[in-house]
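Source: prediction; values computed, not measured.
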Amino acid sequence: MTRDTGARAMDGGPSGGRGLMGCLWAAVTLFAVAALLVVGLAVFNDGMLQRLNPFGTETVDRTGPSVLKQLEDIEEFHAATGYFETVVDLEKDTEHLPGWISGERILYVGKGEVDAVVDFSGLGEQSVTVSEDGGTVEVSLPEPVLDEPSLDVEESYVVEHDRGLADRFKGSELEAEAQKKAVEQMREAATGGDTGMVQRAEVNTTAMLESLLGAAGFETVEVTYDAKG
């Protein structure tokens with residue numbers, strides 16, 4: 001009878017199975033606790049080492065907005081364009097000779113444009129002011145000026161070109177003179193009349209800066225124009 005009971009215990013009876021499973025769970029639990037302690041110590045030691053290290057580094061971000069650089073990159077802003085058309089009538093006569101013998105006349109229609117330009121190239125640190133909270137930026141710019149007229153040679157044309165008998169077989173410079181005269185007339189029309197180009201240029205420049213600097217994070221953009229530049 002004693003021999004049979006021992007055989008059942010070694011064959012994995014109920015009491016033997018519970019003892020084996022208990023040992024396994026204890027081992028797994030002990031391993032998990034040990035792993036957590038190792039990870040915790042590693043994190044703790046890493047933080048302590050960083051705090052106790054006399055040569056530790058710290059990053060401080062004092063980066064400011066690249067306002068002035070953005071404006072300098074523009075250099076010159078063509079803020080408004082005026083389109084002009086002018087008629088030039090030039091004639092060259094030879095003294096004591098009728099026009100059908102010696103003389104020249106040209107009727108020329110010149111077309112072109114004049115730009116109102118704002119110069120950004122001379123901006124300095126004093127031209128841009130940013131508020132302490134970084135929400136407002138003030139920009140001081142030179143007043144817009146009118147650029148030189150640009151003659152559109154392809155769109156311009158000669159209406160009439162008459163030459164006397166003596167002048168038909170030699171070169172003519174009268175068309176080139178007519179083109180120069182057309183440019184002069186466009187300049188006078190742009191600067192002499194109340195075209196409103198300078199005012200329009202200020203409005204367009206302000207709108208451009210509000211869009212540009214607004215995208216850079218400024219809530220308020222104030223632009224002023226100085227006639228002295």
Side-chain angles (χ1 to χ4, degrees), residues 50 54-88 108-157 176-229:
Q50 289 183 359
F55 303 103
T57 59
E58 181 182 1
T59 301
V60 179
D61 189 355
R62 296 190 178 91
T63 305
S66 300
V67 180
L68 184 60
K69 184 60 179 176
Q70 291 185 42
L71 299 183
E72 287 179 342
D73 286 343
I74 299 175
E75 291 189 357
E76 192 175 79
F77 181 58
H78 291 243
T81 301
Y83 297 92
F84 295 86
E85 181 174 325
T86 182
V87 178
V88 178
Y108 183 82
V109 175
K111 297 181 180 182
E113 59 187 39
V114 179
D115 287 348
V117 180
V118 179
D119 184 15
F120 284 76
S121 62
L123 293 184
E125 295 292 341
Q126 72 283 355
S127 304
V128 180
T129 304
V130 179
S131 62
E132 293 184 359
D133 61 2
T136 301
V137 58
E138 299 178 6
V139 183
S140 177
L141 297 174
E143 191 176 65
V145 296
L146 297 179
D147 202 2
E148 281 296 306
S150 176
L151 181 67
D152 190 340
V153 180
E154 293 184 358
E155 291 295 325
S156 303
Y157 58 92
E177 293 181 20
Q179 292 175 342
K180 293 180 181 179
K181 183 65 176 180
V183 170
E184 292 176 4
Q185 290 185 228
M186 291 179 195
R187 184 184 299 111
E188 292 177 2
T191 58
D194 186 14
T195 61
M197 291 180 59
V198 172
Q199 293 78 5
R200 181 179 293 273
E202 291 184 358
V203 172
N204 292 344
T205 302
T206 300
M208 181 274 294
L209 290 177
E210 288 176 345
S211 176
L212 175 68
L213 299 178
F218 294 99
E219 297 178 358
T220 305
V221 179
E222 299 178 0
V223 184
T224 58
Y225 298 90
D226 184 3
K228 298 180 180 179

Distance, nearest 0.5 Å, that separates [atom1] of [X] from [atom2] of [Y]:
| X | Y | atom1 | atom2 | value |
| --- | --- | --- | --- | --- |
| Phe77 | Leu209 | CZ | CG | 7.5 Å |
| Lys180 | Gln185 | NZ | CD | 15.0 Å |
| Leu141 | Asp226 | CG | CG | 10.0 Å |
| Glu76 | Asp115 | CD | CG | 9.0 Å |
| Phe84 | Lys111 | CZ | NZ | 14.5 Å |
| Arg200 | Met197 | CZ | CE | 9.5 Å |

Mind checking whether [X] and [Y] have side chains closer than 4.5 Å, heavy atoms only?
| X | Y | result |
| --- | --- | --- |
| Glu202 | Pro144 | yes |
| Val114 | Thr195 | no |
| Val145 | Asp119 | no |
| Met186 | Leu151 | yes |
| Phe120 | Thr205 | yes |

For [X] against [Y], the heavy-atom pair lying closest together:
| X | Y | value |
| --- | --- | --- |
| Ala201 | Ala116 | CB-CB, 3.7 Å |
| Glu143 | Tyr225 | CA-CB, 4.3 Å |
| Ser156 | Tyr108 | CB-OH, 3.1 Å |

Answer yes or no: is there a donor N or O on one side and an acceptor on the other, between the side chain of [X] and the main chain of [Y], under 3.5 Å?
| X | Y | answer |
| --- | --- | --- |
| Asn204 | Ala79 | yes |
| Ser127 | Gly124 | yes |
| Ser150 | Gly112 | no |

Q | Derivation and outcome, side chain to side chain contact (heavy atoms under 4.5 Å, CB included), residues Val221 and Thr206 | A | CA-CA 9 Å; Val221 179; Thr206 300; over 6 Å; no
Q: Let me see the working for Thr86 and Lys181 under side chain to side chain contact (heavy atoms under 4.5 Å, CB included), right down to the final yes or no.
A: CA-CA 9 Å; Thr86 182; Lys181 183 65 176 180; over 6 Å; no
**Q.** Any residue meeting side chain to side chain donor-acceptor pair (under 3.5 Å) with Ser131, in chain and number order, not counting sequence neighbours
**A.** Asp133
**Q.** Glu184 atom CD: more than 12 heavy-atom contacts under 6.0 Å
**A.** yes
Q.
What verdict does the side chain to side chain contact (heavy atoms under 4.5 Å, CB included) test give for Glu85 and Val109, after you've listed the backbone C-alpha separation in whole Å, the side-chain angles of each residue and the deciding distance to 0.1 Å?
A. CA-CA 7 Å; Glu85 181 174 325; Val109 175; 3.8 Å; yes
